[in-house]
Amino acid sequence: MPLPVKDLNSGFKLYRTELAQLYLSLAPDSMAFSDTITLCFIHKGHKVLEHPIQIHPRTRGKSTINVITAFDTILQILNISVLFFPLKVFLPVSLFFIAVGILWGLPFVIMGRGVSVGAMLSILAGLIFFAIGLIAHQLSALRMQLLEKNRPNPREAS
């Protein structure tokens with residue numbers, strides 16, 4: 001499915017107010033509210049409509065975007081991804097380290113030289129990432145239950 005948003009920071013985005021309020025507690029002070037809500041909507045499969053806007057070149061002032069703000073944005077995207085789909089982040093990393101460890105250690109085992117320390121370290125790192133992914137999945141499920149519990153009831157809003 002193609003991503004419905006071309007740019008997190010540009011364009012006019014339309015949201016359902018009651019859904020945006022549901023994710024309000026996830027918006028950090030360090031990042032724009034619209035960016036976080038857009039990421040939450042995309043991850044949860046809610047509809048996001050984006051209307052492109054015309055931007056004019058900067059005539060005065062200086063942009064405040066720098067390497068630190070770009071890094072913060074990447075961290076926030078990763079944070080939202082881990083919040084909604086932790087296993088999609090941790091499982092591939094886990095499998096990568098386990099596969100590297102097996103491929104690295106297999107020649108040593110075949111030659112009868114035991115198991116390589118590097119291979120064992122890589123497999124252990126993969127197992128640790130897997131365990132962290134399971135814990136993150138449980139925490140994510142608890143957080144989602146809290147969000148659903150605090151969801152405003154549309155019948156009571158009238």
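We use all heavy atoms of the structure for the numbers below, so side chains are in, but hydrogens, waters and symmetry mates are not. What you see is a predicted model, and the numbers here were worked out from it, not measured in a lab.
Cluster membership for F97 and I128, using ILVMFWY side-chain heavy atoms within less than 4.5 angstrom, is shared. Residues I123 and F129 do not share a hydrophobic cluster, clusters being chains of Ile/Leu/Val/Met/Phe/Trp/Tyr side chains in contact below 4.5 Å.
Counting heavy atoms of neighbouring residues, nucleotides and ligands inside a 6.0 Å radius, atom CD1 of I68 does not exceed 12 of them. Atom CE of M144 is surrounded by more than 12 heavy atoms from other residues, nucleotides or ligands within 6.0 Å.
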For residues 78-93, dump all side-chain donor-acceptor pairs below 3.5 Å to protein atoms at least two apart in sequence or in another chain.
from: S81; atom 1: OG; to: H43; atom 2: NE2; distance (Å): 3.4
from: S81; atom 1: OG; to: I77; atom 2: O; distance (Å): 2.9

If you look only at distance, which donor and acceptor atoms sit under 3.5 Å apart when one is on a side chain in residues 99-116 and the other is two or more places apart or in another chain?
from: S116; atom 1: OG; to: G118; atom 2: N; distance (Å): 3.2
from: S116; atom 1: OG; to: A119; atom 2: N; distance (Å): 3.4

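Closest heavy-atom contact between S94 and F130: OG-CB, 3.3 Å.
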